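Comments concern the structure below.
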2 protein chains.
Amino acid sequence: MGRTPAGQTRRKIYTFVRDRIIRGRPPTVREVQEAFGFRAVQSAREHLEALVSEGLLSKEPGRARGFGLPDASGYGPPARLVPLLGRVQAGQLTTALEEPDGYLATQSRLPEQELFALRVRGRSMSGAGILPGDIVIVRRQATAASGDTVVAMVGDEATVKTLKIKKKRIELHPQNPDFAVIVVADSEINILGKVVEVRRYLEDPKTG
Amino acid sequence: MGRTPAGQTRRKIYTFVRDRIIRGRPPTVREVQEAFGFRAVQSAREHLEALVSEGLLSKEPGRARGFGLPDASGYGPPARLVPLLGRVQAGQLTTALEEPDGYLATQSRLPEQELFALRVRGRSMSGAGILPGDIVIVRRQATAASGDTVVAMVGDEATVKTLKIKKKRIELHPQNPDFAVIVVADSEINILGKVVEVRRYLEDPKTG
DNA sequence: ATGGATACCAGACAAATGTCTGGTATGTCA
DNA sequence: TGACATACCAGACATTTGTCTGGTATCCAT
């Protein structure tokens, strides 16, 4: 019946669908139909197919709620959750991973198992903008390049430091003049991973 | 046939389903069945229903891919995307919001429209651990409390500062001795919002 | 005006998916 | 041992959902 200017409804349908996907469940064709007051399923379907042709949506034909966001859409890969660990003590990483304090949404393409998040204690990295209470997201790896910010075991607890590789030894540099450089033989270093992201929540992220 | 120790398979199914929801589309009962090698749909169904009873999953009966993550699950609300703006110039916030540089996954419960993200320029907030290139996530609001980290218009560009409310005037404090405090009459202040989160990507978040 | 494109509609069919009934085997515990 | 719960299976049915065919109305450019 009535007719909408070209592209207007289309755009709204796109935002609607995208929002639903991000929230965890794409809409069915009929849900789109109802949300926009179409009297025919086909109307919704045509818009949706058009959005797929434009590359704004992807879809798996024949499957219920088959729409998705294409990887190359600039909206980032689908989010996934990374376990947040309160603290990690000697040899306890695997155990800690099984009982996380919570989960953080990230957009990393890495397998979930390769990432974890850790709450920072102490001011030893303040000079690098990593403050107590901040959360670092870490990619698990046993080695790292000189200059990388890493999580390593120092004594019996995991700490964040800047890695410096020297000829015969390895140094863990704090970024704060009040703390001392830690020097270890390269056979003794125990690197848990490399920091790929730092986060700071200035208010409760759940309520805020 | 074979039988698995109590709860083991159940736990794996939970992780599987949760992961799929976060990625944007919950599995069907039959997808769970196949993923775990059940020879009957009902087996998968029983596990799923049990997870709902335990409160680990929510579901809408009768609907395709009807499972979801309960809000109170501790895994945070479903992720949603916040638009990332490269820079904001005078009066351009609304325009900028329509053409974001990308999107970031967050777990905020706030409506999507109330949040935006901004890339930080300059070292004026280094003392607060906010470095150039960092991303701040901002809740849109025209006022804020003294001491809050805010995004405000200074000249014709948005900048991040600490807000101090004095008797008759408002001060925007940098956190860096090299920068000067900005003093404005409280009628002239133009606050875009309050910083609720700071992020720093130490390697390319898409490849990393 | 006319052909084409867009936006929408009505009704149906078929596949995907949720749900159900009734069963077997294995473990736990009184 | 027997009652009970758990884990699983086989096969079917009903609903939801994707898909299709054929149509009307409006706008635009030629």
Side-chain angles (χ1 to χ4, degrees), chain A residues 1-70, chain B residues 1-70:
Chain A
M1 280 286 136
R3 169 111 179 264
T4 328
Q8 294 238 311
T9 304
R10 173 108 9 125
R11 188 116 211 119
K12 283 183 188 169
I13 291 183
Y14 168 63
T15 334
F16 174 81
V17 174
R18 197 187 66 199
D19 194 60
R20 299 287 286 273
I21 293 171
I22 292 160
R23 282 176 154 71
R25 181 162 48 215
T28 64
V29 178
R30 278 173 182 81
E31 280 169 4
V32 174
Q33 177 198 349
E34 280 171 42
F36 287 84
F38 293 127
R39 268 172 285 179
V41 211
Q42 187 63 3
S43 303
R45 228 177 89 79
E46 278 162 9
H47 280 295
L48 289 166
E49 294 294 347
L51 287 167
V52 172
S53 302
E54 294 174 31
L56 290 170
L57 294 177
S58 65
K59 95 167 236 196
E60 288 186 57
R63 330 226 68 202
R65 303 179 192 275
F67 295 94
L69 294 175
Chain B
M1 277 286 137
R3 172 118 175 259
T4 327
Q8 295 237 310
T9 303
R10 179 104 82 233
R11 186 118 212 118
K12 283 183 187 168
I13 291 182
Y14 168 62
T15 330
F16 174 81
V17 174
R18 197 187 66 200
D19 194 59
R20 297 288 285 271
I21 294 171
I22 292 160
R23 282 175 156 71
R25 180 162 50 216
T28 64
V29 178
R30 279 175 181 80
E31 280 169 5
V32 174
Q33 176 199 349
E34 280 170 41
F36 288 84
F38 292 127
R39 268 173 285 177
V41 212
Q42 188 63 2
S43 303
R45 229 177 88 78
E46 279 161 9
H47 280 294
L48 289 166
E49 293 294 347
L51 288 167
V52 172
S53 302
E54 294 173 31
L56 289 171
L57 294 177
S58 65
K59 95 168 237 195
E60 289 187 57
R63 332 225 67 201
R65 305 181 189 273
F67 295 95
L69 293 174

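Chain naming here is simple, since letters A, B, ... match the order of the sequence lines and numbering starts at 1 in each. Remember, predicted model here, so these are calculated numbers, not experimental data. Excluded from the calculations below are hydrogen atoms, water molecules and symmetry mates; all remaining heavy atoms, backbone and side chain alike, are included.
When side chains are defined from C-beta on, B:P27 counts as touching B:V17, because their heavy atoms get closer than 4.5 Å. A:F67 has its side chain out of reach of A:L51: every pair of non-hydrogen atoms, C-beta onward, lies at least 4.5 Å apart.
With rounding to the nearest 0.5 angstrom, the CD1 atom of B:I13 is 10.0 Å from the CG atom of B:L57. In this structure, CD1 on B:I22 lies 14.0 Å from CD1 on A:I22, to the nearest 0.5 angstrom. Atom-to-atom distance recorded for B:I21:CD1 and A:R23:CZ is 15.0 Å, nearest 0.5 angstrom.
Sorted by first and then second residue, the ring-ring contact (aromatic ring centres under 6.0 Å, His included) pairs with a member in residues 15-37 of chain A read A:F16-A:F36; sequence neighbours excluded.
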Original post:
What do the steps show when you test B:H47 against B:F38 for ring pair (Phe, Tyr, Trp, His ring centres under 6.0 Å), and what is the final call?
Top reply: CA-CA 11 Å; B:H47 280 294; B:F38 292 127; 5.5 Å; yes

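Evaluation of the side chain to side chain contact (heavy atoms under 4.5 Å, CB included) rule for B:Q42 yields B:R45, B:E46 as partners, not counting sequence neighbours. Annotation: side chain to side chain donor-acceptor pair (under 3.5 Å) contacts of B:E60 (sequence neighbours excluded): A:R25. For B:E31, the side chain to side chain donor-acceptor pair (under 3.5 Å) criterion is met by A:R63, B:R20, B:R65, not counting sequence neighbours.
Direction change of the helix axis from one end of the helix from C:dA1-D:dT30 to C:dA30-D:dT1 to the other is 20°, with five pairs defining each end axis (rounded to 10°).
At the phosphate of D:dC8, OP1 or OP2 sits under 4.0 Å from a side-chain N or O atom of B:H47. Distances shorter than 4.0 Å separate some side-chain N or O of A:R45 from OP1 or OP2 on D:dC20. Residue B:S43 has a polar side-chain atom (N or O) positioned under 4.0 Å from OP1 or OP2 of D:dC9. Regarding contacts with the backbone of C:dT19, a side-chain N or O of B:K59 is found under 4.0 angstrom from either OP1 or OP2.
The distance between atom CG of A:L51 and atom P of C:dA7, rounded to the nearest whole Å, is 11 Å.
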Look for any protein N or O under 3.5 Å of an N or O in nucleotides 21-24 of chain C and output each such pair with its distance, or none.
none

Please tabulate the protein-to-nucleotide N/O contacts below 3.5 Å involving nucleotides 15-17 of chain D, giving atom names and distances.
from   : atom 1 : to    : atom 2 : distance (Å)
D:dT17 : OP1    : A:R65 : NH2    : 3.1
D:dT17 : OP1    : B:A64 : N      : 3.1
D:dT17 : OP2    : B:R63 : NH2    : 2.7

